[in-house]
Amino acid sequence: MSAPTPSPRKTFGRLSLPERNFVAEALRTETVGGVLLLLAAVAALVWANSPALGDSYETVSHWHFGPSSLGLDLSVAHWAADGLLAIFFFVAGVELKRELVAGDLRDPKAAALPVVAALCGMVAPALVYAVTAGVGGGSLAGWAVPTATDIAFALAVLAVIGTSLPSALRAFLLTLAVVDDLFAILIIAVFFTDQLNFAALGGAVAGLALFWLLLRKRVRGWYLYVPLALVIWGLMYNSGIHATIAGVAMGLMLRCHREEGEEHSPGEHIEHLVRPLSAGFAVPMFALFSAGVAVSGGALGKVFTQPETLGVVLGLVVGKTLGIFGGTWLTSRFTRASLSDDLAWADVFAVASLAGIGFTVSLLIGELAFEGDAAMTGSVKAAVLTGSLLAAVLATVLLKIRNTRYRKLAEEEERDDDLSGVPDVYEQDDPDYHLRMAGILEKKAAEHRRLAKEKAAARDALAQLPGGAGDRHDGPA
């Protein structure tokens, strides 16, 4: 007797209930943060381009403060980019650790899809930029600018346009962004580190070792970890390596698996506390002091005529979309995984275009890539804004076309006819669910039988009355 043929693995199949709940909670926070990010970006553009406010945007952005004796006399914009974004990357580190030990990245087969898609979604934009800048005779220094996806901004677009994107596609977008952030961190660490201060680097490594040891020994107390984290950040900044790497390293050290009796792991608990600070304050403040570029007809025209800026726009809109879609299709093709019956490849293409919204990390890399060239830095920022806007418009059109289908899928995912607090689709194998539904349907059937008897009795009583329905002769004379 031959063994049964295993059913083919589904791409973008239904999430497990715990993973679905985690993704829903994470996306709620990121969506709120994305709306704040959007408002901060608009405020920056208005502030920087308002004649009534003069040069106040530049004045505030370049105002310095901090202890110069510690090498930390930085501008406001610099504090936002190196300081506040460390909080953002700390959350990214915790997210990555959770995905590796408890999420989709735990299973190599499931991890292959977002990892390959993210890799292709970074390589393709870099190639598009390199070809565009190379053909136009521009600088190749900005090749990494269009490689990053801004999940908060992407979710803000979803919130604004009101699309009911299925949870499997939302989870894919979130996991894709986590892997994307990891590669962006590696790019910053490897390609944007010029000179190293080995004494400061050694101090940062020692601080990280102490941080890890305290976690290992289960030592509690924010009053220990917060000051230590600030020292590690300061040493990492002075080492020559971008200070946000310190945030990632500390996030990766947190324990993200649950032990017996724990409702939440320490990593999940801390992420729950820090994520609102990251999404609601750190990232919007970075956007406020990074997105303020001069906008005019001439400036926008240069975005499409300079090879560097055109490369950024095409990298975000074309490179990201084709890279992520192509990586997803190839992974499904070579792993023989079939697409979920509820979705079409057009849905994957729409999500891939949404990933072309690169804002926070793209702006950061743009500043690092063209450091010292204020004119080019401003042009590249304008290109990031333009490319992200075009990607958002493209994604909006594509997602709206399928939104009726998405709404039906969302309703099916949320239906809870037995009022158990758990969606029915997750209870199909539970005998108690079917018993509860049988009881509910039996009550409904009994109620309908009672109503049928009442209506029949009322109709018979009416028929017996003089001049009632029984005495009428409606037929032909």
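Just so you know, these numbers use all the heavy atoms, side chains as well, and skip hydrogens, waters and symmetry mates.
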Parallel, tilted or perpendicular: which one describes the rings of Tyr57 and Phe289, with boundaries at 30° and 60°? parallel
Decide side chain to side chain contact (heavy atoms under 4.5 Å, CB included) for Leu45 and Leu385; before the verdict, give the C-alpha distance in whole Å, the side-chain angles of both, and the deciding distance to 0.1 Å. CA-CA 10 Å; Leu45 290 170; Leu385 295 174; 3.8 Å; yes
When you measure from the side chain of Asp180 to the backbone of Leu176, do you find a donor-acceptor pair of N or O atoms at a distance under 3.5 Å? no
Decide yes or no for Leu364 and Phe286: does some side-chain heavy atom of the first lie under 4.5 Å from some side-chain heavy atom of the second? yes
If you measure only the distance, is there a donor-acceptor pair under 3.5 Å linking the side chains of Ser75 and Trp63? no
For Glu58, does its backbone N or O pair with a side-chain atom of Asp55 as donor and acceptor, under 3.5 Å? no
To the nearest 0.5 Å, what is the distance between CD1 on Ile365 and CD1 on Ile188? 5.0 Å
Main-chain N/O of Ser290 paired with Lys381 side-chain donor or acceptor, under 3.5 Å: yes
For residues 108-146, which residue pairs qualify under ring-ring contact (aromatic ring centres under 6.0 Å, His included), counting only residues two or more places apart or in two chains? Trp143-Phe191
Keeping Ser353 on the side-chain end and Ala350 on the backbone end, is there a donor-acceptor pair under 3.5 Å? yes
Got a donor-acceptor contact below 3.5 angstrom from the Glu308 side chain to the Ser139 backbone? yes
Candidate pair Arg402 and Asp347, rule side chain to side chain contact (heavy atoms under 4.5 Å, CB included), full reasoning: CA-CA 8 Å; Arg402 295 273 291 171; Asp347 302 314; 2.8 Å; yes
Pairwise side-chain contact, Phe183 with Leu119, heavy-atom cut-off 4.5 Å (strictly under): yes
Rounded to the nearest 0.5 Å, what's the gap from CG on Leu36 to CG on Leu288? Could you check? 12.0 Å
Donor-acceptor under 3.5 Å (Arg258 side chain, Glu263 main chain): yes
CG on Leu363 to CG on Leu368, rounded to 0.5 Å: 11.0 Å
What's the shortest heavy-atom distance between Leu37 and Ala287, and which atoms? CD1-CB, 3.3 Å
Euclidean distance, Leu252 CG relative to Ile185 CD1, rounded to 0.5 Å: 7.5 Å
Would a distance-only check, ignoring hydrogens and angles, find a side-chain to backbone donor-acceptor pair under 3.5 Å from Ser362 to Val145? yes
Sequence neighbours excluded, every pair satisfying ring-ring contact (aromatic ring centres under 6.0 Å, His included) that has a member inside residues 354-383: Phe153-Phe359
Which atom pair, heavy atoms only, marks the closest approach of Val76 to Phe65? CG2-CE2, 3.9 Å
Going by heavy atoms in the side chains, are Ile324 and Trp329 under 4.5 Å from each other? no
Got a second to check how far Glu95's CD is from Phe90's CZ, nearest 0.5 Å? 11.0 Å
Qualifying side chain to side chain donor-acceptor pair (under 3.5 Å) pairs, either residue in residues 232-256, two or more places apart: His242-Thr244, Arg255-Glu262
Kindly give the heavy-atom pair with the smallest separation between Ala144 and Thr147, and that separation in Å. O-OG1, 2.6 Å
Those residues at least two apart in sequence (or on a different chain) that pass side chain to side chain donor-acceptor pair (under 3.5 Å) with Asp82 are His78
For the side chain of Asp150 and the backbone of Thr360, is there at least one donor-acceptor N/O pair under 3.5 Å apart? yes
Could you check if a side-chain atom of Leu127 sits within less than 4.5 angstrom of a side-chain atom of Val123, using non-hydrogen atoms only? yes
Could you pull out the closest heavy-atom pair between Pro307 and Gly137, with the gap in Å? CG-C, 4.5 Å
Phe281 versus Ile87: any side-chain heavy-atom pair under 4.5 Å? no
For a side chain to side chain contact (heavy atoms under 4.5 Å, CB included) check, start with the C-alpha distance between Leu201 and Asn197, then their side-chain angles and the critical distance, and finish with the verdict. CA-CA 6 Å; Leu201 181 59; Asn197 181 331; over 6 Å; no
Donor-acceptor check, side chain of Ser278 to backbone of Val274, threshold 3.5 angstrom: yes or no? no
Hey, is the main chain of Gly251 close enough, under 3.5 Å, to the side chain of Lys97 for a donor-acceptor pair? no
Applying side chain to side chain contact (heavy atoms under 4.5 Å, CB included), run through Leu224 and Leu228 and close with a yes or a no. CA-CA 6 Å; Leu224 292 175; Leu228 179 57; over 6 Å; no
Enter the distance from Leu398:CG to Phe349:CZ here, rounded to the nearest 0.5 Å. 6.5 Å
Does Pro125 reach the side chain of Val128, with side-chain heavy atoms less than 4.5 Å apart? no
Quiz question: by atom type and distance under 3.5 Å, do the side chains of Thr149 and Lys320 form a donor-acceptor pair? yes
Enumerate, atom names and distances included, each donor-acceptor pair closer than 3.5 Å involving a side-chain atom of residues 310-319, sequence neighbours excluded.
none

Would you be so kind as to tabulate the donor-acceptor pairs closer than 3.5 Å made by side chains of residues 213-221, with sequence neighbours excluded?
residue	atom	partner	partner atom	Å
Arg218	NH1	Glu259	OE1	3.4
Arg218	NH2	Glu259	OE2	2.9

Could you tell me if Glu268 and His272 have a donor-acceptor pair between their side chains, going purely by distance under 3.5 Å? no
Using side-chain heavy atoms (C-beta onward) and a distance below 4.5 Å, is Val361 in contact with Phe88? yes
Taking NE2 in His269 as the centre, count heavy atoms belonging to other residues, nucleotides or ligands within less than 6.0 Å. Is the count above 12? no
Closest non-hydrogen atom pair, Met122 against Ile187: CE-CD1, 3.9 Å
On a heavy-atom basis, which atom in Leu273 and which in Pro276 lie closest, and how many Å separate them? O-CD, 3.5 Å
